[in-house]
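Have a look at the structure below before the remarks.
Numbers restart at 1 for each chain; the letters A, B, ... are given by sequence-line order, proteins then strands. Basis for what follows: all heavy atoms, side chains included, without hydrogens, waters or symmetry-related copies.
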Protein chains: 2
Amino acid sequence: MPAIAHELPHHAPDITDWFGGGPDERLRLGNTNSITTERTVDAHEHLYLEGQRQTHVYLLLEGVVGRYKLLPDGRRQIVSFSYPGDMIGLDCPERHVDSAEALDRVRVRTIPFNAIDRLMTTEPGFGQALLRVAAAELADSREQMITLGRKSASEKLAGFLVRIANRNASIGEDPDTITLPMKRSEIADFLGLTIETVSRQFTRLRTARIIHLSSSTHVQVLDADRLQAIADGDDA
Amino acid sequence: MPAIAHELPHHAPDITDWFGGGPDERLRLGNTNSITTERTVDAHEHLYLEGQRQTHVYLLLEGVVGRYKLLPDGRRQIVSFSYPGDMIGLDCPERHVDSAEALDRVRVRTIPFNAIDRLMTTEPGFGQALLRVAAAELADSREQMITLGRKSASEKLAGFLVRIANRNASIGEDPDTITLPMKRSEIADFLGLTIETVSRQFTRLRTARIIHLSSSTHVQVLDADRLQAIADGDDA
DNA sequence: CGTTCTCTTGAGATCCCTCAACACCTGTGG
DNA sequence: CCACAGGTGTTGAGGGATCTCAAGAGAACG
């Protein structure tokens, strides 16, 4: 993200400038702080449900949130996993288009939706910041679409692990030590697979000595190059 | 779209208010008209390519545009088909995240990217309008993700036809008379299938007397209810 | 130390893909 | 007018990746 941010033309304010997510907390509006509140959500609780009227937007401060859509018969597609720093629930027009569930204990800053509207008209850079958030999310969705539509099970899981490793690196953590906050069923519903297939792909990576699994949620990447190669489909 | 628009709170200006796409063309900025230009693009030509620096945004006036991403080995995922009234290429940060190709002869209004930036700061409702466009696109992507990840081939194709029928209805045309501007290969790459599977699903709908095919691009819906049922997975 | 949830592994079934042939359409040129 | 070529769509046969169903092993928790 920083790698992208500094490429932007002119002054490119970040969304966290307004809601105090970053270290250089500015809180430009005197009353912004008063209308936003902090909230803790336990694992398996929902921030909102699909179809509900959108009242707040959430800035994720801590924990991981899964956002999903359901089909009438119960089939589920997880459309994204959100991490600290991500904006959640900006689903205009008006009603939420997905449900958001905390995967572990989560801390969010809740922002009333009308405050968004107001900030957009009064604060110069705010609209751009918001649009950049939406565009990043859109780019992410598109990336996931090619994964869902055109990649094999092994490419999907390897790519999934690579993305987490890259995220780790970007926040200064060890890219090869991965702690998965989600269950196999959630990985499956994110990648468009079944639990069994996900489990088999994990086993395949483990027996090929590409990863080590000290527990089902604790992944140690042993051969990042081969993992990347599998993710890219360079796999015989 | 109108069904959604009138639900919106306050005054909800549409993006076409600024670029003269609608009948109540306002052109609020005297010089907006001068910096935007109209352009015609032939079938199979590209508006832009993935990875290119974003210089313009396009308002589609006529024709259909396919937007796609490629994998290194040539596999393709079409992420959306854009119709008149749609905004194309708002892919900040800075570089296009997909390629946009005209499926037939296309007319667009091109808007320099820096004009977007300027309008957002000077025009009160413009940011909201743009954000609404982005949010609608995001909702669309998410819908497509559940299609790609969790639906069967028959559900995918039936759902695809239903969506086109609904679009027809929304612009006042006959929902049951569908002219497909895209080839089988493009439908396949949109739905995450192969051409053969798409073709077989068409045949299946035809032999079940749910549709009639006067040509490969001309679909007559004979039983909209059963088509909808198949799209919803209510299919034994 | 059961109970429950989760994960893994196996065997078989199935949906969709791959490969291949052929039909259709259109335009071109003999 | 026909032959031919190239692009596109359809259909068939067979194979394979993933799903389904089922059982058992691990882990978490009271």
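A straight line from CD of B:Q201 to P of C:dC16 spans 7 Å, rounded to a whole angstrom. Going from atom CD1 of B:I195 over to atom P of D:dG7 covers 13 Å, rounded to whole Å. Note: NZ (A:K151) to P (D:dT18) measures 14 Å, nearest angstrom. Look at CD1 on B:I230: it is 15 Å from P on C:dC15, rounded to the nearest Å. Look at CG on A:L191: it is 16 Å from C1' on D:dA17, rounded to the nearest Å. Summarising the geometry, the separation between CG on A:D73 and C1' on D:dC19 is reported as 15 Å, rounded to the nearest angstrom. Summarising the geometry, the separation between CE on A:M182 and C1' on C:dC5 is reported as 18 Å, rounded to the nearest angstrom. If you take NZ of A:K183 and P of D:dA28, they are 14 Å apart, rounded to a whole angstrom.
Between B:R200 and B:H44, it is B:H44 whose nearest contact on DNA chain D lies nearer the 5' terminus. Closest-nucleotide positions on DNA chain C for A:T217 and A:R150 were compared, and the one nearer the 5' end corresponds to A:T217.
A cation-pi contact, defined as under 6.0 Å to the ring centre and within 45° of the axis, links A:R184 to A:F202.
A salt bridge does not link B:E50 with B:R67: every distance from a Lys NZ or Arg NE/NH1/NH2 to an Asp or Glu carboxylate oxygen is 4.0 Å or more. Comment: A:D223 does not engage A:R209 in a salt bridge, judged by the lack of any side-chain N to carboxylate O separation of less than 4.0 angstrom. One finds no salt bridge joining B:E45 and B:R105 here, because no Lys/Arg side-chain nitrogen approaches an Asp/Glu carboxylate oxygen to under 4.0 Å.
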Test B:K69 against A:E143 for salt bridge (Lys or Arg N to Asp or Glu O under 4.0 Å), laying out the working first. CA-CA 8 Å; B:K69 290 174 74 75; A:E143 198 63 41; 3.2 Å; yes

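Contact annotation: A:S199 does not reach the phosphate of C:dC7 (side-chain N/O to OP1 or OP2, under 4.0 Å). A sub-4.0 Å separation between OP1 or OP2 of D:dT18 and a side-chain N or O of A:T194 is absent.
When each of C:dC17, D:dT18, D:dG9 is scored by its nearest atom to the side-chain atoms of A:L193, the top-ranked nucleotide is D:dT18. Comparing C:dT9, C:dC16, D:dG12 by their nearest atom to the side chain of B:S152 picks out C:dC16. Looking at the side chain of A:T203, the nearest of the listed nucleotides D:dT18, C:dA20, C:dT9 is C:dT9. Considering only side-chain atoms of A:R184, the nucleotide from C:dC7, D:dT11, C:dT9 that sits closest is C:dC7.
Note on B:S216: only backbone sugar-phosphate atoms sit closer than 4.0 angstrom, heavy atoms only; bases stay farther off.
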